[in-house]
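What follows is a set of notes on a single structure, which appears directly below.
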Amino acid sequence: MSETSTDWNTGVWPDWCPGCGNFGIFTALKGALSELGIDRKKFVIVSGIGCSGKIPHFVNVSGVHTLHGRAIPFATGIKTANPELKVIVHGGDGDLLGIGMGHLVAMGRRNPDILVVVHNNGVYGLTKGQASPTLQLGNKTKSLAFPNINSAINPILIGMASGYTFLARSYAYNIEHLKGCLKQGISHNGAGILEVIQPCPTWNNIVTMDWIEKNTYYLENWDPNVKDDEEALEKANAIVALEHGKKKPLGILLEDGRKEPFGKRIASVYKYYATNTPAMQRVDDRGAALPVDLEKTFERFFV
Amino acid sequence: MSETSTDWNTGVWPDWCPGCGNFGIFTALKGALSELGIDRKKFVIVSGIGCSGKIPHFVNVSGVHTLHGRAIPFATGIKTANPELKVIVHGGDGDLLGIGMGHLVAMGRRNPDILVVVHNNGVYGLTKGQASPTLQLGNKTKSLAFPNINSAINPILIGMASGYTFLARSYAYNIEHLKGCLKQGISHNGAGILEVIQPCPTWNNIVTMDWIEKNTYYLENWDPNVKDDEEALEKANAIVALEHGKKKPLGILLEDGRKEPFGKRIASVYKYYATNTPAMQRVDDRGAALPVDLEKTFERFFV
Amino acid sequence: MDLNFIVGGPQGGGVETAGLLAVRALSMQGLEVFADREYHSNIKGKHSYSHIRASDRPVGSIKYPVDFLGALDAETMATHFHEVRKGGIVVHDAAIKKRVLTKIPSMDVRRAERLRESLKANGIGNSVGELDDWLERQGITVMAVPFGEIISERAGLSPPMIERAMNTALTSALLLSAGVPINTLVAAINVLFRDKREAAQLNAAVAKSVGEEFERIAVAREIRLPRIINTNYKKEGRKMLVAGNDAVAIGKLLGGLRLQTYYPITPAADESFTIEQHSELRNGLGETIGSPLVIQAEDEIAAICMAIGGALAGVRAATCTSGPGFSLMVEGIGWAGNNEVPVVVTYYQRGGPSTGLPTRHSQSDLLFSISSGHGEFARIVLASGSHFEALNDAIKCMNFAERYQLPVIHLLDKGIANCMTTIAPPFLNEIDRGDRFRGDGIYKRFLRGEAVSPRAYLGEEVMWYTGDEHDEIGHISEDPFVRREMYEKRMEKREKILSETKEEDKAVLIGEPDYKDLIITWGITTGAAADALTELNSFGHRVSVLQVRMMEPFPNELVESYLSEAEEVICAEANYLGQLAELIEWNCGIRLEKRVLKYTGRMITQDEIVSSFNRVKNGERRITLGGGE
Amino acid sequence: MDLNFIVGGPQGGGVETAGLLAVRALSMQGLEVFADREYHSNIKGKHSYSHIRASDRPVGSIKYPVDFLGALDAETMATHFHEVRKGGIVVHDAAIKKRVLTKIPSMDVRRAERLRESLKANGIGNSVGELDDWLERQGITVMAVPFGEIISERAGLSPPMIERAMNTALTSALLLSAGVPINTLVAAINVLFRDKREAAQLNAAVAKSVGEEFERIAVAREIRLPRIINTNYKKEGRKMLVAGNDAVAIGKLLGGLRLQTYYPITPAADESFTIEQHSELRNGLGETIGSPLVIQAEDEIAAICMAIGGALAGVRAATCTSGPGFSLMVEGIGWAGNNEVPVVVTYYQRGGPSTGLPTRHSQSDLLFSISSGHGEFARIVLASGSHFEALNDAIKCMNFAERYQLPVIHLLDKGIANCMTTIAPPFLNEIDRGDRFRGDGIYKRFLRGEAVSPRAYLGEEVMWYTGDEHDEIGHISEDPFVRREMYEKRMEKREKILSETKEEDKAVLIGEPDYKDLIITWGITTGAAADALTELNSFGHRVSVLQVRMMEPFPNELVESYLSEAEEVICAEANYLGQLAELIEWNCGIRLEKRVLKYTGRMITQDEIVSSFNRVKNGERRITLGGGE
Ligand SMILES: Cc1ncc(C[n+]2csc(CCOP(=O)(O)OP(=O)(O)O)c2C)c(N)n1
Ligand SMILES: Cc1ncc(C[n+]2csc(CCOP(=O)(O)OP(=O)(O)O)c2C)c(N)n1
Ligand code: SF4
Ligand code: SF4
Ligand SMILES: [Mg+2]
Ligand SMILES: [Mg+2]
């Protein structure tokens with residue numbers, strides 16, 4: 001693993017704490033990119049703000065480290081303007097499920113070909129350990145003065161309610177499993193959420209190795225694929241049941257290829273888009289005007 | 001109805017279009033307030049921006065007409081500062097499920113005693129009929145140039161995923177049914193969503209009387225109450241199934257009294273809050289300093 | 001010739017079409033038109049009107065009192081009767097004569113109060129009919145025409161259609177009084193109802209029958225209709241008839257826009273619809289040569305971030321909004337500033353603060369737009385003063401954005417957005433996409449040396465962006481040396497811009513260069529000031545107008561040089577503080593005490609400029625205006 | 001006496017505690033302290049340090065070069081060795097002697113480059129040991145102490161604990177060199193580890209054993225430790241030791257805060273934690289008499305909206321944030337402005353634009369804070385220049401907010417937020433809740449007549465609020481007359497505020513009133529300027545400092561009157577434009593060309609003020625500073 005992925009390092013020193021789960025995500029991601037044979041220039045990691053948000057600086061593909069909570073709209077803009085690019089989003093649980101929740105839901109409605117990787121560490125890491133939206137009610141991490149008074153959000157259930165067509169959960173230190181989920185999620189042509197349980201040894205003393213051991217299990221005999229409406233309801237119900245269980249399932253929960261991705265939807269109303277994406281419509285003639293015919297284009301305004 | 005509710009009018013002319021479903025909501029709300037025997041000074045309608053957002057100006061209780069998408073945090077601030085007030089939120093589907101979605105989800109995590117009434121008309125009414133987040137994929141209302149390319153959000157399913165403890169759906173022109181839902185929702189001690197299907201004859205020519213007839217039905221033999229965890233999962237699954245059906249169920253889908261409302265949660269960490277809410281902690285001594293003992297309160301800072 | 005008239009009625013009751021029809025017919029007649037649209041933040045029922053001006057010379061403002069008033073309802077009568085000049089004509093449906101003026105539920109409480117007072121003070125009774133009589137006594141001709149009967153009997157329409165044709169009837173009557181020939185009217189109707197053949201025929205029938213009947217009534221009542229419109233105005237080449245929203249949309253399309261994101265908001269959203277409706281750009285052969293995408297975002301934060309994302313991918317990207325949306329975009333604009341992203345934000349000012357007066361005019365976001373966003377970064381704020389400028393500036397803004405790699409705010413106002421006017425077709429502007437990276441080797445997005453680093457688009461090279469301070473490659477750096485260099489690199493663009501920008505894009509002198517007094521304006525107020533010049537100078541003054549266009553970086557030297565020539569300087573703008581005056585004081589160190597301000601949500605009119613100028617000459621310093629309903 | 005020293009190490013590796021311990025011990029010794037904390041936007045591993053200053057007189061800034069440097073790691077040596085004065089002392093663990101200076105992975109690329117150059121230029125080898133030798137040759141005493149062994153052998157700690165006690169060891173050595181008695185050190189340790197008995201004992205043991213051993217080494221090496229700290233400083237009454245975040249928290253608590261909302265952001269969030277930790281206010285009997293609630297919101301938009309909601313319900317409500325959060329709050333603040341809501345926003349500036357330098361100092365949001373938000377509305381922007389002011393201003397801001405019914409922005413900076421200093425305990429400030437509605441009859445929230453209408457809280461009366469323009473009752477109105485009245489009502493508060501506010505809250509003169517030259521500052525820069533006065537005036541100058549506090553509405557008359565007395569005026573502030581200078585130019589019409597600016601993310605230091613002043617006297621106009629790592 002570590003050998004093949006060396007080239008994917010930018011050389012920037014990853015300044016995460018020792019033992020941070022982000023290292024696992026970093027390693028798995030490099031592995032996935034390598035195994036997928038990614039073209040570096042055509043791959044963009046878009047991230048939010050937080051410890052998680054720093055990841056693009058360490059991976060040797062293009063990186064756009066955006067604003068807190070806003071990675072999804074940035075990514076949507078990039079992907080829509082140039083669908084040839086492969087775009088993924090990395091962000092914290094605070095970033096994507098708190099301040100950025102509105103965008104996360106909206107993305108489900110559009111179904112763009114973007115995988116959202118949620119670094120779920122239960123805390124706001126970079127601001128010193130406040131409760132994040134995934135921290136359970138009543139939990140008191142070592143960084144908190146009081147037990148948490150908010151209930152937790154389950155990104156899988158929110159993703160499902162929002163219309164995501166790919167839903168998965170993995171664990172930062174099961175590099176192989178995570179790499180598999182990343183590969184599958186990146187390859188999926190539609191909106192995906194990959195929740196990664198990411199230990200934050202510095203602030204979150206609840207989600208430890210031991211906790212993982214006791215509170216998660218790997219999905220077996222589970223087919224995430226959905227073929228028709230009937231199966232869609234069945235799967236939905238099964239996922240609700242899985243997510244209501246005492247332990248959290250790890251693996252790919254849903255992959256629904258039936259819904260059209262955003263690009264196709266756009267092409268259904270903008271005919272030209274299908275063959276000429278905005279990035280292909282070069283406007284490069286320096287010093288020359290575009291050869292637009294005024295009357296042919298703006299006929300309605302002429303008197 | 002119209003007789004008993006006359007006193008609930010402010011006299012401000014409701015400037016909704018003829019036939020607008022908001023009139024139905026207005027009438028039902030006045031009826032509910034009347035039948036609940038509301039104390040006008042202790043009741044606050046907090047609204048967003050849109051045709052829907054104007055409702056507080058017409059109802060003779062206190063009204064706070066806030067910003068687009070932000071009614072929920074305003075309401076949360078009001079309710080938390082003075083839990084003696086009864087607070088409800090009215091907003092459009094664009095307002096609450098689009099720009100305000102992050103707050104809607106966050107409110108579910110807190111479970112404050114606030115009912116959110118979603119005026120679901122499928123469009124951005126006040127800005128001339130753009131697609132709202134509840135408009136179905138492919139729908140083309142008369143106000144749209146192209147068919148909608150986004151999938152619809154179902155507020156009930158989002159509410160469920162967010163942890164709301166009261167979920168209901170009604171129809172703007174079934175005043176009696178709506179009034180019942182409002183009464184129940186207002187009485188529920190926790191976070192509630194009441195989705196009201198609200199015809200907008202001006203822009204949305206899809207959701208007509210006829211559509212309602214064909215696409216909705218009234219829940220019967222349905223007990224929305226949840227008593228334990230097992231039942232919670234059962235209900236959740238049943239609601240998913242109901243919501244995946246071809247027709248939309250009208251009625252109260254969920255009422256879960258088990259989860260503690262936000263006020264109680266606060267009191268669990270702020271002992272003083274239980275008996276002395278912020279609004280009760282009067283700081284009214286004009287010209288006098290508060291009798292705070294510096295050393296007793298800020299001991300840690302003294303050297 | 002100079003014709004001013006108002007046609008009003010309940011919002012959603014045909015009043016908008018009435019205005020469109022009038023404007024179209026007048027412009028087809030070869031006239032220059034300028035038309036304001038005033039409406040409440042409401043979809044149906046509240047009072048709305050168009051104030052239309054037509055002239056044989058270009059106009060950029062409206063003027064009171066009006067020559068004609070056309071009323072679709074009693075509220076219009078109640079609201080505007082005092083705005084008609086002596087000798088003017090009022091036209092309304094005979095059926096509203098009995099309406100009680102003091103019992104109009106849609107009317108604002110305070111306006112109703114004032115109405116009651118004014119009726120009382122003038123001894124006018126409560127009904128429209130009684131008001132008519134009073135108006136006649138004041139020398140105003142009132143024509144209460146039985147439109148309903150005419151439409152039903154002579155055009156053969158049945159009840160629901162009669163109501164809907166009332167606007168055409170009323171407009172026809174007004175235009176005929178002014179002398180527009182019936183053919184022109186019918187031609188305008190055909191254009192307006194282009195996609196609805198049947199409606200076009202019905203409306204044409206209405207226009208014709210109203211025309212004949214109206215004529216008959218005038219003859220019967222011995223009324224001499226003014227008919228000031230000559231049938232032979234010469235058009236100099238083809239004209240376009242656009243609202244400001246359209247003008248900007250056209251400009252963006254001509255300027256190479258490829259991604260427009262937006263979240264609906266008045267008065268910005270119409271721009272995006274126009275783009276949507278003209279999204280297939282055609283060349284002379286009719287082939288599609290481009291098709292910019294319009295995306296409705298989930299909020300303004302997403303809109304700006306998506307546009308930035310598009311820009312990073314190398315497409316010309318823009319968004320448009322108004323105050324509340326701009327407030328939400330501020331963080332994203334700062335990111336673009338820090339990352340030197342070329343993105344255009346079209347900012348239509350409306351009445352603030354907060355939701356304010358969402359459908360009304362204002363120029364109160366100038367200071368905000370130049371300093372919005374935490375931290376310091378270079379940006380361009382360019383304010384257009386007319387529709388023609390708005391169109392061409394939209395192209396320029398996109399060129400500026402890419403040439404200097406920064407966010408550009410194109411500052412407009414509700415006046416420009418919603419007013420319709422005739423403009424000459426634009427010349428096709430050059431495209432300047434700025435320095436591009438053509439090298440090989442490691443790409444450094446933020447290469448130092450020049451203020452502007454050669455740009456590669458995502459997909460072309462591997463590159464990094466971050467909102468944190470960063471080194472040349474785009475990686476985070478907190479090193480004080482890196483910080484200083486990068487900060488200076490970004491900020492020094494301001495001088496580069498000022499040194500390279502043409503004077504005409506900084507500030508424009510309208511009128512004679514040997515002025516004695518100067519009226520300083522910006523935005524749509526420019527039109528009123530420019531239109532007032534002839535009148536002012538005919539009174540013996542020597543006034544010119546200085547329109548400031550580039551607000552940031554501020555062209556202080558140029559503005560100072562104009563100001564230093566003036567004896568009396570008057571600033572006119574639609575806000576409370578006098579924001580442009582403040583900006584000039586700040587940048588030029590000159591005191592500007594004479595301020596003409598209006599913050600009622602209505603535009604400053606030509607007559608207000610004239611009277612204010614005279615008041616300033618009589619010693620007043622701060623004049624706040626209140627004209628218009 | 002005046003002691004300056006730096007103690008540095010990897011973030012999260014005990015360096016913060018080292019600083020806290022030193023500051024606590026020095027203040028217990030009766031000294032005034034002022035300590036800066038510099039750290040990366042990182043949780044563990046990147047370089048971090050405290051620059052601590054102790055004096056027998058109040059200090060409000062830091063000063064270079066330093067007397068001592070304590071290094072927990074090689075990076076600290078590499079980063080700060082050039083900042084130690086000749087004759088100074090450097091202390092580090094002997095174990096790092098072999099570390100290679102040019103291979104520190106956590107170091108910024110550019111800093112590493114400079115290091116390599118500097119090592120080369122000075123002929124210094126690659127290791128810490130070689131650097132030590134060079135330093136010794138420059139007249140700096142280097143004490144590489146075998147802390148590990150001492151801790152293990154003499155204090156009896158085992159391996160994982162040894163590493164964790166290194167900070168105590170290093171701090172102890174530094175303080176002992178300066179003359180702090182071991183008792184004071186142990187007392188400070190006991191306070192710091194108050195809730196952790198065992199840790200307290202272990203650390204005390206470490207301090208003692210290091211003390212003894214250090215002494216021995218010094219004697220053996222014949223080093224005369226400076227011991228400039230006298231053991232008998234007299235404290236005048238009790239002092240408090242606070243960071244700016246604490247000071248504001250205490251102020252808010254004393255000022256009657258009952259609801260604080262926040263969303264985590266550096267450097268603001270610590271304020272909310274302090275409030276949380278002292279949420280039970282006690283009277284002299286120890287009884288709880290109040291307990292303000294702290295709510296973590298889902299984002300800054302929610303934070304401001306919740307705070308406004310709380311204010312509407314009649315509780316004193318506030319939020320706190322930094323640039324990115326403030327950018328998001330702008331729309332909500334506008335709503336508060338339009339609805340005349342008393343709400344306080346504590347705004348800690350940090351390096352911008354965008355995410356910028358999230359943990360670094362800046363004063364670059366002044367212009368933004370005064371004109372943020374679309375539309376025009378009255379607000380107060382008050383900038384504190386010291387910790388003592390920050391505390392008392394927090395109370396004043398809440399009084400202002402309710403007295404004038406508007407949003408108040410309390411403007412601070414990262415310098416104030418994170419620096420720790422000793423202050424006198426505050427006097428308990430009066431509470432002014434403004435005019436209250438006591439009548440009966442219909443309540444009009446926005447009753448005209450006075451700029452400020454009597455207030456009732458939600459729950460007391462039936463009332464309406466809206467972000468739209470509204471009438472006295474709070475219902476939407478688009479009537480031009482209502483618009484004008486309400487607009488003016490809101491804006492006229494600005495004059496009322498200026499006329500009622502005490503001079504000391506507008507601008508403060510520090511130094512002699514018969515100055516010849518004036519240094520103008522604001523925020524934490526005030527401390528450096530004030531601290532520089534003695535030195536400057538000892539060179540024969542006659543300089544004073546004018547600190548501007550009220551930024552909006554701007555006290556132009558007062559500032560002008562001070563400026564008119566000055567021959568030379570120099571503005572010093574931590575931004576690129578010279579934002580206060582711009583604001584004064586704007587409001588006072590005075591040109592201020594002499595600007596001392598720093599935008600590296602580090603504070604302006606006392607020595608920089610001194611040297612800049614001299615450079616200005618030698619004819620320089622714009623000086624940009626770069627001191628500090
Ligand atoms: C608008 C805005 N608000 C607040 C912050 C401060 N901030 C930086 S990181 C962060 C939270 C990080 O938590 P999370 O998203 O869970 O990421 P993690 O650090 O845990 O990976 C916050 C609130 C910011 N940068 N921008
Ligand atoms: C921040 C912001 N963006 C945009 C608007 C413009 N705006 C006014 S109403 C509205 C949408 C209304 O749609 P919805 O919320 O569904 O309410 P409805 O009118 O349908 O009841 C919008 C976008 C605004 N007021 N504020
Ligand atoms: S704070 Fe937590 S999430 Fe952040 S780098 Fe450290 S361990 Fe990782
Ligand atoms: S636009 Fe639609 S929602 Fe708005 S008032 Fe009219 S009918 Fe109702
Ligand atoms: Mg996190
Ligand atoms: Mg709606």
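In this text the structure is predicted, and so the values were computed from the model without any measurement.
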Report the option among G255(D), G30(D), G310(D), G474(D) that has the most heavy-atom pairs separated by less than 4.5 Å from atoms of chain B.
G310(D)

Where does L253(D) contact chain B at under 4.5 Å (heavy atoms): side chain, backbone, both or neither?
both

T466(D) vs S47(B) side-chain heavy atoms within contact, under 4.5 Å
no

Report yes if the side chains of H103(B) and I301(D) come closer than 4.5 Å at any heavy-atom pair, otherwise no.
yes

Take W464(D) and I45(B) through the side chain to side chain contact (heavy atoms under 4.5 Å, CB included) test and state the conclusion after the steps.
CA-CA 9 Å; W464(D) 288 271; I45(B) 302 177; over 6 Å; no

With a 4.5 angstrom heavy-atom cut-off, which part of F298(B) approaches chain D: side chain, backbone, both or neither?
both

Flag the one option from V269(B), T277(B), V61(B), T76(B) with the top tally of heavy-atom pairs under 4.5 Å to chain D.
V61(B)

Compare every heavy atom of V283(B) with every heavy atom of R433(D), then report the nearest pair and how far apart it is.
CD-O, 2.6 Å

Under a 3.5 Å distance rule, please check whether S291(D) uses its side chain to pair with a backbone N or O of Y272(B) as donor and acceptor.
no

If you count heavy-atom pairs under 4.5 Å with chain D, which of I78(B), T66(B), V303(B) comes out on top?
V303(B)

Proximity breakdown for V315(D) and chain B, heavy-atom pairs closer than 4.5 Å
side chain

Whatever's closer than 4.5 Å to a heavy atom in chain B on D468(D) counts as side chain

Let me know if D39(B) has heavy atoms under 4.5 Å from chain D in its side chain, its backbone, both or neither.
neither

At a heavy-atom separation under 4.5 Å, does E460(D) approach chain B through its side chain, its backbone, both, or neither?
both

Using modelled atom types only, decide if a donor and an acceptor are shared between the side chain of K296(B) and the backbone of G284(D) within a distance under 3.5 Å.
yes

Between chain B and each of E276(D), E331(D), R316(D), count heavy-atom pairs under 4.5 Å; write down the option with the most.
E331(D)

Would you indicate whether L285(D), at its atom CG, is surrounded by more than 12 heavy atoms from other residues, nucleotides or ligands within a distance under 6.0 Å?
yes

Checked I250(D), I308(D), D432(D), L312(D) vs chain B; the most non-hydrogen pairs under 4.5 Å come from I250(D)

At a 4.5 Å cut-off on heavy atoms, which part of V64(B) comes close to chain D: side chain, backbone, both, or neither?
both

Whatever's closer than 4.5 Å to a heavy atom in chain D on E84(B) counts as neither

Hey, which of G314(D), G332(D), P292(D) has the most heavy atom pairs under 4.5 Å with chain B?
P292(D)

Heaviest contributor of heavy-atom pairs below 4.5 Å to chain D, chosen from A71(B), P291(B), G102(B), is P291(B)

Do you know which of V462(D), N338(D), I473(D) has the most heavy-atom pairs with chain B at a distance under 4.5 angstrom?
V462(D)

Applying a strict 4.5 Å limit to non-hydrogen atoms, the region of A279(B) in contact with chain D is both

Any idea which of F427(D), Y465(D), W335(D) has the most non-hydrogen atom pairs under 4.5 angstrom with chain B?
W335(D)

Using a strict cut-off of less than 4.0 Å between a Lys/Arg side-chain nitrogen and an Asp/Glu carboxylate oxygen, indicate whether E298(D) and R109(B) qualify as a salt bridge.
no

Heavy-atom distance under 4.5 Å between the side chains of L241(D) and F301(B), does that happen here?
no

CD1 of I72(B) to CE of M306(D), rounded to nearest 0.5 Å, is 10.0 Å

Okay, A302(D) and chain B: the region with an atom under 4.5 Å from a heavy atom over there is both

Shortest non-hydrogen separation from A313(D) to N82(B) and the atoms involved
CB-CB, 4.1 Å

Please state whether the side chain, the backbone, both or neither of D299(D) comes within less than 4.5 Å of a heavy atom of chain B.
side chain

Portion of L254(D) that has a non-hydrogen atom of chain B nearer than 4.5 angstrom:
both

Using a 3.5 Å distance criterion without hydrogens, assess whether the side chain of T297(B) forms a donor-acceptor pair with backbone atoms of L281(D).
no

Side chain to side chain, Y270(B) and V294(D), heavy atoms closer than 4.5 Å:
yes

Heavy-atom cut-off 4.5 Å, strictly under: side chain, backbone, both or neither for I266(B) against chain D?
side chain

Assess whether side chain to side chain contact (heavy atoms under 4.5 Å, CB included) is satisfied between R194(D) and E299(B), documenting all intermediate values.
CA-CA 12 Å; R194(D) 179 175 22 199; E299(B) 190 257 330; 4.1 Å; yes

Engaged part of R445(D) at the chain B interface, taking heavy atoms whose separation is under 4.5 Å
neither

Between F58(B) and H475(D), does the ring centre distance come in under 6.0 Å?
no

Contact origin within V191(D) toward chain B - heavy atom pairs under 4.5 Å:
neither

S62(B) side chain to E461(D) main-chain N or O, any donor-acceptor pair under 3.5 Å?
yes

Closest non-hydrogen atom pair between G77(B) and L259(D), with its separation
O-CD2, 4.3 Å

Go through the steps to decide whether I295(D) and F262(B) satisfy the test side chain to side chain contact (heavy atoms under 4.5 Å, CB included), and finish with yes or no.
CA-CA 11 Å; I295(D) 300 187; F262(B) 196 45; 4.1 Å; yes

Identify which part of T288(D) has an atom lying under 4.5 Å from any heavy atom of chain B, answering side chain, backbone, both or neither.
both

Candidate pair K41(B) and M463(D), rule side chain to side chain contact (heavy atoms under 4.5 Å, CB included), full reasoning:
CA-CA 8 Å; K41(B) 293 187 180 175; M463(D) 67 194 78; over 6 Å; no

Quick one: what part of N283(D) sits under 4.5 Å from any heavy atom of chain B, side chain, backbone, both or neither?
both

NZ/K444(D): more than 12 non-hydrogen atoms of other groups inside 6.0 Å
no

Give the minimum heavy-atom separation between G459(D) and L85(B), together with the two atoms involved.
CA-CD2, 3.4 Å

Residue among G53(B), A81(B), G63(B) with most heavy-atom pairs under 4.5 Å to chain D
G63(B)

What part of V12(B) is in contact with chain D, defined as an atom under 4.5 angstrom from a non-hydrogen atom: side chain, backbone, both or neither?
side chain

Rounding to 0.5 Å, atoms CZ (R238(D)) and CZ (F302(B)) come to a distance of 6.0 Å

Side chain, backbone, both or neither: which part of Y443(D) has a heavy atom under 4.5 Å from chain B?
neither

Based on non-hydrogen pairs under 4.5 Å, which of H57(B), R110(B), K86(B) is most in contact with chain D?
H57(B)

